[in-house]
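To keep things clear, I will list the structure first and then write my remarks on it.
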Amino acid sequence: MHWFIALALLALSLEGAKVVHVGDKFKDSGKCKACHSHIVKEWEGSWHAKSHYANDEYFQKTIDYVARKTSGKSLNTIKIECAACHNPRISVTSTSAEYEAIAALNLDQDTAATKALQSDLISEGINCVVCHNIDQIHDNLPDSKRGIHRVSWMKSGVMSGPYDDAKSPYHKTERRDFMDTNPDQLCFVCHANDTSEEGHRFTNMQSEFKSGGKQCVDCHMGPRKMGVAATLRDKNGQQNKRLIRSHSFIGAHTVTMWKDALKVEAKKGSRTLEVTLKNPQPHALPSGFGSREIVVEMQYLKGGKVINTETRSLTSRYLSKRGKPTIPHLAAKTVENLSIPANGSKTISFPLVNGADKVLLSVSYRLVNDEVREMLELKDPMWSKKMVIKKLNLSL
Ligand code: HEC
Ligand code: HEC
Ligand code: HEC
Ligand code: HEC
Ligand code: HEC
């Protein structure tokens, strides 16, 4: 019998995705407010807090589209697949053929899968007990096992963190390297690669990454600064001063982050204008999720009047298995990837226009390119908003 239990445990540790129920005292960020209100507030403004189906239009419409276009998989099955990284505290991690049969007849209301998707355990998306309840990250697993499939959880009520001397009256604490000296390992649980329904790897942030000494948290949580981890006072009325980082996880959705994210130079040649975009960041831009876009626009002026315009789009485009343009999650193939590599550059040629005495160059970023925005019928103006990276004036 013992060898059987040992084998079962081994299988679990290799699989990773073992569900551990989160107790009511810890399941939502509201429970942490009494002592970590400053952190809860920062996190609430982040996109980690919006990663649930109900809170991100782009995510929601992508799931609906994938479910419509993928035969034999119900909407809930797709939601559960995506939950691996977007909602990792879900209590059901895969569905069976039996489930599909029941779901096809609309008889799945009382199943564990449907209940798991409706549970308030996942409504906050990537919340405190996603990151701080991780016990181990299994980097020995295949590269494609991500999110929930790559970690094992602590017992409910134990928080992993950067300190080895933290004491809390509310929960136990344990120090982990991935919260302190090696935080990239934590980010790469989800921000590493993603694969479409057709088995095509459409993004690979981890393999693109050229650290150069900086870690994800240095830029996306900011530097460590003096502050308090908990606002709770000790019996002398003192707060414990600590080095902390911001939990705002600012990124692509934040206009101010894009200002000067690339270095832009323009040079006049004999017949062309050469625009060079230099990327000083340790990952490609655009990167991460597919369908992001950098837009380079040139306005040609004569005596202050616009006489011509030229636009270039740096984005990725995908084809379905039928060879039609599609979204990343249904891609069989990437046909174009125009991102600017980490620590690299890209030069784009624009024509010189007869009569123009001046050009206005504008480089900006959009969260979703025209093609995918139209396919998914995204409504919120934020998806098409141009976030300015750099504007230049050039006299010819
Ligand atoms: C995406 C992962 C992630 C999420 C979500 C997250 N944290 Fe953290 N947290 C971290 C990392 C990484 C650190 C270590 C930062 C450092 O280097 O000091 C940290 C540090 C902390 C610390 C120690 C103080 C500090 O800044 O180092 C506390 C307390 C904490 N987090 C509480 C919370 C609470 C409460 C929530 C939910 C509102 C939360 N965290 C959500 C990743 C996360
Ligand atoms: C009653 C107050 C209280 C509540 C409620 C509370 N904590 Fe804490 N927490 C603390 C104190 C105190 C510390 C230690 C701070 C220090 O040592 O500077 C701490 C430390 C931490 C740390 C750092 C642990 C380490 O070893 O580095 C994390 C992470 C954390 N809390 C997460 C949470 C989360 C998530 C919640 C909500 C589910 C929560 N806490 C609720 C008081 C609380
Ligand atoms: C459990 C999986 C998971 C982990 C771990 C994780 N992230 Fe994320 N992260 C996501 C998902 C999913 C999104 C997209 C959410 C959305 O847009 O709805 C995201 C979004 C982001 C964004 C984009 C914000 C924006 O405005 O575009 C940044 C920056 C980010 N994460 C940084 C980090 C850093 C730094 C770490 C490591 C400390 C980390 N993440 C750990 C899953 C994760
Ligand atoms: C030296 C600073 C720096 C480091 C280190 C860094 N980033 Fe970034 N990252 C940026 C800047 C600047 C941008 C562009 C503006 C923005 O989105 O914040 C960006 C953009 C992103 C985006 C949006 C990309 C896009 O094109 O839509 C994601 C996701 C992201 N970073 C995640 C990460 C992860 C995960 C790591 C660690 C593996 C990391 N970053 C390390 C600076 C950095
Ligand atoms: C391997 C982990 C992982 C899985 C599985 C995953 N995602 Fe993501 N997803 C991420 C991360 C990390 C980000 C944020 C990266 C970025 O912004 O570049 C993200 C971002 C997105 C975004 C952009 C959201 C925004 O607000 O801009 C969409 C849409 C999305 N994912 C859809 C899906 C769908 C649909 C599925 C399931 C078919 C899925 N994802 C499965 C990790 C994952």
Side-chain angles (χ1 to χ4, degrees), residues 29 32-33 35-36 39-44 46-51 56-63 65-66 78-79 81-86 124-132 134 144 146-150 159 161-163 166 168 178-180 183-184 186-197 203 205-206 208-209 211-221 224 227-230 242-247 249-254 257-262 280-294 327-329 339 365 367-368 376 382-383 387 389:
S29 60
C32 322
K33 268 187 183 156
C35 307
H36 304 290
I39 295 177
V40 176
K41 215 163 153 199
E42 287 164 350
W43 167 85
E44 277 171 346
S46 81
W47 278 77
H48 282 150
K50 298 186 182 71
S51 71
D56 183 329
E57 185 196 9
Y58 188 13
F59 180 51
Q60 181 182 101
K61 288 193 170 158
T62 305
I63 290 188
Y65 193 82
V66 172
I78 304 291
K79 283 186 181 174
E81 283 178 9
C82 310
C85 299
H86 287 255
E124 283 192 336
I126 301 158
N127 72 354
C128 322
V129 283
V130 171
C131 293
H132 291 292
I134 296 177
S144 56
R146 293 288 151 189
I148 198 172
H149 305 291
R150 205 171 183 79
M159 301 299 159
Y163 313 125
S168 160
F178 59 76
M179 282 285 160
D180 183 19
D184 286 356
L186 172 65
C187 312
F188 284 141
V189 166
C190 305
H191 290 265
N193 60 62
D194 204 354
T195 306
S196 75
E197 293 294 325
T203 176
M205 200 158 195
Q206 187 164 15
E208 287 170 9
F209 192 59
S211 164
K214 288 248 182 178
Q215 295 173 309
C216 316
V217 293
D218 290 324
C219 301
H220 295 287
M221 292 180 86
R224 276 192 176 155
V228 292
R242 292 272 200 191
L243 285 172
I244 60 164
R245 290 189 201 264
S246 158
H247 274 70
F249 301 101
I250 37 172
H253 297 69
T254 307
M257 274 294 275
W258 282 102
K259 193 173 173 288
D260 297 323
L262 296 169
Q281 316 305 342
H283 49 65
L285 285 178
S287 174
F289 193 63
S291 315
R292 309 285 200 206
E293 182 183 37
I294 286 171
I327 60 168
H329 285 97
S339 3
Y365 173 90
L367 287 162
V368 197
L376 296 177
M382 101 173 120
W383 307 116
M387 302 189 237
I389 298 173

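In what follows, residues are counted from 1 in the order of the sequence shown. Since the model is a prediction, treat every value here as computed from it, not as a measurement. Counting starts at 1 for both ligands and their atoms, following the listed order.
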Query - Close side-chain approach of S46 to H247, heavy-atom, < 4.5 Å - result: no
Filtering H329, R292, Q60 for the heavy atom nearest atom 39 (C) of ligand 5 leaves H329
Within 4.0 Å of some non-hydrogen atom of R146, the atoms of ligand 5 are 1 (C)
Query - Ion pair K50/E44, N-O distance below 4.0 Å - result: no
Looking only at distances, please establish whether an N/O atom of ligand 5 is found under 3.5 Å from an N/O atom of V66.
no
> A252 near ligand 5, heavy-atom distance under 4.0 Å?
Replying inline: no
Closest to atom 24 (C) of ligand 1 among protein heavy atoms sits Y163 OH, 3.3 Å
Near F188 (heavy-atom distance under 4.0 Å), the atoms of ligand 4 are 38 (C)
Ranking I244, D218, N127 by closest non-hydrogen atom to atom 5 (C) of ligand 1, top hit is N127
Note on atom 8 (Fe) of ligand 4: protein N/O/S atoms within less than 2.8 Å are H220 NE2, H283 NE2
Could you check whether any side-chain heavy atom of L262 comes within less than 4.5 Å of a side-chain heavy atom of L285, counting everything from C-beta outward?
yes
- Item | Heavy-atom side-chain contact between P286 and I294 under 4.5 Å | yes
So for K50 against ligand 5, with non-hydrogen atoms under 4.0 Å, the contacting part is neither
Per-atom filter on ligand 4: closer than 4.0 angstrom to a heavy atom of P286 are 26 (O)
A student checking ligand 1 against V40 at a 4.0 Å heavy-atom cut-off should list atoms 38 (C)
Using a strict 4.0 Å threshold on nitrogen-to-oxygen distance, state whether K214 and D184 make a salt bridge. no
Could you give me the CA-CA distance, side-chain angles and deciding distance for R245 and D218, then say whether side chain to side chain contact (heavy atoms under 4.5 Å, CB included) is met? CA-CA 9 Å; R245 290 189 201 264; D218 290 324; 3.1 Å; yes
Distance-only N or O hit between ligand 5 and W383, under 3.5 Å: no
### Message
Between H48 and F249 (judged by ring centroids, cut-off 6.0 Å), do the two rings come close enough to count as a pair?
### Response
yes
For I126, the atoms of ligand 1 under 4.0 Å from one of its heavy atoms are 5 (C)
Is the distance between the ring centroids of F289 and H329 under 6.0 Å? yes
Worksheet item: Any chance the rings of W383 and Y58 have centres within less than 6.0 Å?
Response: yes
Near A229 (heavy-atom distance under 4.0 Å), the atoms of ligand 1 are 24 (C), 29 (C)
The answer for which part of H36 has a heavy atom under 4.0 Å from ligand 1 is side chain
- Query: Within the distance-only criterion (no hydrogens, no angle test), does the side chain of Q206 pair as donor or acceptor with the backbone N or O of N193 below 3.5 angstrom?
  - Reply: no
Polar-atom distance check: C187 versus ligand 4, any N or O pair below 3.5 Å? no
Between atom 8 (Fe) of ligand 5 and H86, is there an N, O or S atom separated by less than 2.8 Å? yes
Per-atom filter on ligand 5: closer than 4.0 angstrom to a heavy atom of W47 are 26 (O)
Protein N/O/S atoms closer than 2.8 Å to atom 8 (Fe) of ligand 1, ordered by chain and number, come to H132 NE2, H247 NE2
Any heavy atom of Y65 under 4.0 Å from ligand 5? The part involved is neither
query: What do you reckon, does H253 put a non-hydrogen atom under 4.0 Å from ligand 5?
result: yes
Interatomic distance, CZ@F209 vs OG@S287, rounded to 0.5 Å, equals 10.0 Å
Atom 26 (O) of ligand 1: closest protein heavy atom, distance to 0.1 Å, is R245 N, 3.1 Å
One finds that the ligand 5 atoms under 4.0 Å from a non-hydrogen atom of T62 are 29 (C), 35 (C)
At under 4.0 Å between heavy atoms, what of N193 touches ligand 5? The answer is backbone
Margin query: Between ligand 4 and Y365, is the shortest N or O to N or O distance under 3.5 Å?
Written below: yes
In ligand 1, the atoms that come under 4.0 Å of a heavy atom of H48 are 1 (C)
Output yes when the distance from some N or O of ligand 5 to some N or O of D194 is under 3.5 Å, and no in every other case.
yes
What orientation do H86 and F59 show, parallel under 30°, tilted 30 to 60°, or perpendicular over 60°? parallel
Among non-hydrogen protein atoms, atom 18 (O) of ligand 1 lies closest to R224 NE, 3.1 Å
Quick note on ligand 4: atoms under 4.0 Å from a heavy atom of Q215 include exactly 5 (C)
Heavy-atom gap D56 to ligand 5 smaller than 4.0 Å = yes
When rounded to the nearest 0.5 Å, the distance separating CD1 of I327 from OH of Y65 is 6.5 Å
So the atoms of ligand 5 within less than 4.0 Å of a heavy atom of C85 turn out to be 1 (C), 2 (C), 3 (C), 4 (C), 5 (C), 42 (C), 43 (C)
Margin query: When you measure from atom 11 (C) of ligand 5 to the protein, is at least one non-hydrogen atom found at a distance under 4.0 Å?
Written below: no
